[in-house]
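One structure is given here, and the rest of the page talks about it.
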2 protein chains.
Amino acid sequence: MRRDVFQAIADPTRRAIIGLIALQAMTPNALAEHFDTTRQAVSKHLRILTECQLVKQEQAGREIYYHFNPDSMKEVADFIEPFRRMWESKFRQLDNVLSNMKKSKK
Amino acid sequence: MRRDVFQAIADPTRRAIIGLIALQAMTPNALAEHFDTTRQAVSKHLRILTECQLVKQEQAGREIYYHFNPDSMKEVADFIEPFRRMWESKFRQLDNVLSNMKKSKK
DNA sequence: CACTTGCGAAACCGATTAGTTGCACATATA
DNA sequence: TATATGTGCAACTAATCGGTTTCGCAAGTG
């Protein structure tokens, strides 16, 4: 199933999972200890993260290590990029000047 | 009401609205023409975007112009930033080397 | 072999979501 | 003033979400 990355990172628990896994690959059980939920709930989050390829599995016996895969995060970065310069202060100030000019023209 | 930015940008229609508004401030009616939904549906999206301050209103008579406010987008940028270098190829290659070293050690 | 451990899948549940229709209200306009 | 226009809000609905409990199964372990 194809899943939207933006929807995947909308959930705070999933963002926390990403934060943990990015540091070190972990099993579902190890992950679940960091949250106040069942292992099955974490497993469902991991499935969603896997579906949009933010995470990949590495089987090791009966354990499954989940690795973070940053590639899919590019999509989010690409979305934000056009807005980046807008919040950098020097440009913001220019924006304000233009905005005020437009208002006084009305 | 306080609203999560990540949840706000999870919806593709809202991302499209942001894309349009970022180019030029628009009224709900003008926005609705770009989508296959009712004006009221767009209005609800605008309310959610306003609640997390991704958008601000400018009253002009009976019309309301919605402006894009990039500041809240910083939160998303901050979340992504730690992962940025991970997908830049030179670092990826180093990661792969380390990953293979770890595997052969097992 | 019996037993434990690690995991995903299925079924269920309350809450939330994105959409609709219908309405009320303020602002322009004839 | 009567009418048209631009808007937000409320009520409703089908679908989805995030969680739980229960189960089945494969992989280790005594």
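All figures in this text were calculated on a predicted structure; none of them were measured in a lab. Each chain gets a letter, A, B and so on, in the order the sequences are listed, and its residues count up from 1.
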Note, B/Leu46 side chain near B/Leu31 side chain (heavy atom, < 4.5 Å): yes

Interface polar pairs with nucleotides 14-17 of chain D, N/O, under 3.5 angstrom:
residue: D/dC17; atom: OP1; partner: A/Gln7; partner atom: NE2; Å: 2.8

Nearest non-hydrogen partners of [X] and [Y], listed with the distance:
{"X": "A/Pro28", "Y": "A/Ile64", "value": "CD-O, 3.3 Å"}
{"X": "B/Met86", "Y": "A/Ala22", "value": "CE-O, 4.3 Å"}
{"X": "B/Ser72", "Y": "B/Leu54", "value": "CB-CD2, 3.9 Å"}
{"X": "A/Gln53", "Y": "A/Asn69", "value": "O-ND2, 2.9 Å"}

[N] phosphate, OP1 or OP2, under 4.0 Å from [X] side-chain N/O:
{"X": "A/Thr27", "N": "C/dC7", "answer": "yes"}
{"X": "A/Ser43", "N": "C/dG8", "answer": "yes"}
{"X": "A/Asn29", "N": "C/dC7", "answer": "yes"}

Parallel, tilted or perpendicular: ring planes of B/Phe83 versus A/Phe68, cut at 30 and 60 degrees: tilted

Nucleotide nearest B/Thr13 when distance is taken to its side chain, options C/dA9, C/dC7, C/dG19: C/dG19

Nucleotide nearest B/Pro28 when distance is taken to its side chain, options D/dG8, C/dC7, C/dG19: D/dG8

Can you tell me whether the side chain of [X] and the base of [N] have a donor-acceptor pair closer than 3.5 Å?
{"X": "B/Arg39", "N": "D/dG8", "value": "yes"}
{"X": "B/Lys44", "N": "D/dG8", "value": "no"}
{"X": "A/Gln40", "N": "D/dT22", "value": "yes"}
{"X": "A/Arg62", "N": "C/dT5", "value": "yes"}

Neighbour count >12 (heavy atoms, 6.0 Å) for atom CG, B/Asp36: no

How many Å lie between [atom1] on [X] and [atom2] on [N], as a whole number?
{"X": "B/Arg47", "N": "C/dT16", "atom1": "CZ", "atom2": "C1'", "answer": "13 Å"}
{"X": "A/Gln57", "N": "C/dG6", "atom1": "CD", "atom2": "P", "answer": "17 Å"}
{"X": "B/Leu49", "N": "C/dT17", "atom1": "CG", "atom2": "P", "answer": "13 Å"}
{"X": "B/Ile9", "N": "C/dT17", "atom1": "CD1", "atom2": "P", "answer": "15 Å"}
{"X": "B/His45", "N": "D/dT7", "atom1": "NE2", "atom2": "P", "answer": "16 Å"}
{"X": "A/Ile48", "N": "C/dA9", "atom1": "CD1", "atom2": "P", "answer": "12 Å"}
{"X": "B/Glu58", "N": "D/dG6", "atom1": "CD", "atom2": "P", "answer": "17 Å"}

Polar side chain donor-acceptor pair, A/Tyr65 to A/Gln57, under 3.5 angstrom: no

Contact list for DNA chain C against residues 31-38 of chain A - heavy-atom distance below 4.0 Å: none

Residues which pass side chain to side chain donor-acceptor pair (under 3.5 Å) with A/Asp4, listed by chain and number, not counting sequence neighbours: B/Arg15

Comparing A/Glu63 and A/Ala41 on DNA chain D - which has the more 5′ nearest nucleotide: A/Ala41

same_hphob_cluster(B/Val55, A/Ile80) at 4.5 Å side-chain heavy-atom cutoff: yes

